Amino acid sequence: MTEPQLEQEIAYAREKAKRTLPVALLVLLGLVAMYLPLPKRFVAFLPLVLAVVLTVRLLRFLSARPGKEKIWPAVTLVIAGTLLSTLSLQIVFYDAVSSYEQCLAGAQTSLAQASCVQLRDAGMFGLVVR
């Protein structure tokens, strides 16, 4: 490679890294926020939506280049979309999910946890979980 081509490749790699790192961190932050208790869990929407927006921008940036560089941003987009759809379902079935989580939080034995299954299986929430 000639010197200008090498400098151009280095500049491209730096720009790609600068655009990729925030996406990975936002998806990781959203994934960690998914483990919060239910009302606080909806905080995960913000980093996940930002990750989707930045991933779309990254895919536009990579669209001019041929190759397999677009695979991982597409996988990231699928992961963020899956997490967002999970959060959306939890909003739709908020009462059922909330009562199930409260039951599990108070259950000290496996027998008590088994009684919480009735709450999970009740209504439309049971159809989604199975």
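Throughout, numbering of the chain's residues begins at 1 and tracks the sequence. Keep in mind the model is a prediction, meaning the values are calculated, not measured.
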Could you list the donor-acceptor pairs under 3.5 angstrom formed by side chains in residues 44-62, with sequence neighbours left out?
from	atom 1	to	atom 2	distance (Å)
Thr55	OG1	Ala51	O	2.6

Which pairs, with at least one residue in residues 93-112 and sequence neighbours excluded, count as a salt bridge (charged side-chain N to carboxylate O under 4.0 Å, His left out)? Arg41-Glu101
Sequence neighbours excluded - disulfide (SG to SG under 2.5 Å) pairs with any residue from residues 4-89: none
Hydrophobic clustering (ILVMFWY, side-chain heavy atoms < 4.5 Å, transitive) - are Val78 and Val75 grouped together? no
Applying side-chain contact (heavy atoms from CB on, under 4.5 Å), can you list everything that pairs with Ile10, at least two apart in sequence or on another chain? Leu6, Arg14
For Leu31, give me all partners under side-chain contact (heavy atoms from CB on, under 4.5 Å), at least two apart in sequence or on another chain. Leu83
Can you name the residues that form a side-chain contact (heavy atoms from CB on, under 4.5 Å) with Ser85, not counting sequence neighbours? none
So the disulfide (SG to SG under 2.5 Å) pairs with at least one residue in residues 24-108 (sequence neighbours excluded) are Cys103-Cys116
Do Pro39 and Tyr94 come within less than 4.5 Å of each other through their side chains, counting heavy atoms only? yes
According to the disulfide (SG to SG under 2.5 Å) rule, which pairs have a member within residues 51-99, sequence neighbours left out? none
With a 4.5 Å cut-off on side-chain heavy-atom distances among I, L, V, M, F, W and Y, is there a chain of contacts connecting Ile71 to Leu77? yes
ILVMFWY cluster, Leu25 and Val23 together (side-chain gap under 4.5 Å): no
List for me each residue that meets side chain to side chain donor-acceptor pair (under 3.5 Å) alongside Tyr12, sequence neighbours excluded, and say none if there are none. Glu69
Nearest 0.5 Å, please: how far is CD1 in Ile91 from CG in Leu38? 9.5 Å
Please answer: with hydrophobic residues joined when any side-chain heavy atoms are less than 4.5 Å apart, are Tyr100 and Leu111 in the same cluster? no
Please, which pairs that meet side chain to side chain donor-acceptor pair (under 3.5 Å) have at least one residue in residues 19-33, sequence neighbours excluded? Glu15-Arg19
For residues 9-95, which residue pairs qualify under disulfide (SG to SG under 2.5 Å), counting only residues two or more places apart or in two chains? none
Applying side-chain contact (heavy atoms from CB on, under 4.5 Å), name anything that partners Leu36, two or more places apart in sequence or on another chain. Ala33, Lys40
Phe42, Leu89: one ILVMFWY side-chain cluster at the under-4.5 Å cut-off? yes
